[in-house]
Amino acid sequence: MDTILRCPLCARLRSDADIRGLGWSSHHGPSGVVWVCGTCTRANLVDIELGLLDPARMPSQAPVPQEVPAQRAA
């Protein structure tokens, strides 16, 4: 089974520190194990528990957020 190392909801990359911790939740589906970051898990807990949101059945890669350029002081 394949493991997706980005949160499918916000595209946050799962770091080595996250792998050792307990902040991410795992969801098992046809494409393998999907890990959802703690922030998205907490924000969507009710929908996940009721089966309204199944991260394991979402597209395999969420879009990677673009970095916002730093604003220069005027």
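Just so you know, these numbers come straight off a predicted model, no measurement behind them.
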Restricting to salt bridge (charged side-chain N to carboxylate O under 4.0 Å, His left out), what partner residues turn up for Asp47, sequence neighbours left out?
none
Shortest non-hydrogen pair, Cys37 vs Arg12, comes out as CB-NH1, 4.0 Å
Might you point out which heavy atoms bring Leu13 and Asp18 nearest each other, and give the distance in Å?
O-OD2, 3.9 Å
Would a single hydrophobic cluster contain both Trp24 and Val33, if residues Ile, Leu, Val, Met, Phe, Trp and Tyr are joined by side-chain heavy-atom contacts under 4.5 Å?
yes
State which residues pass side chain to side chain donor-acceptor pair (under 3.5 Å) with Asn44; sequence neighbours excluded, sorted by chain then number.
none
Only counting residues at least two apart or in another chain, list the ones meeting side chain to side chain donor-acceptor pair (under 3.5 Å) with Ser25.
His27, Thr41
Please answer whether the main-chain N or O of Ala11 pairs with a side-chain N or O of Arg6 as donor and acceptor at a distance below 3.5 Å.
yes
Can you list the residues that meet the side chain to side chain contact (heavy atoms under 4.5 Å, CB included) rule with Leu50, with sequence neighbours excluded?
Val46, Leu52
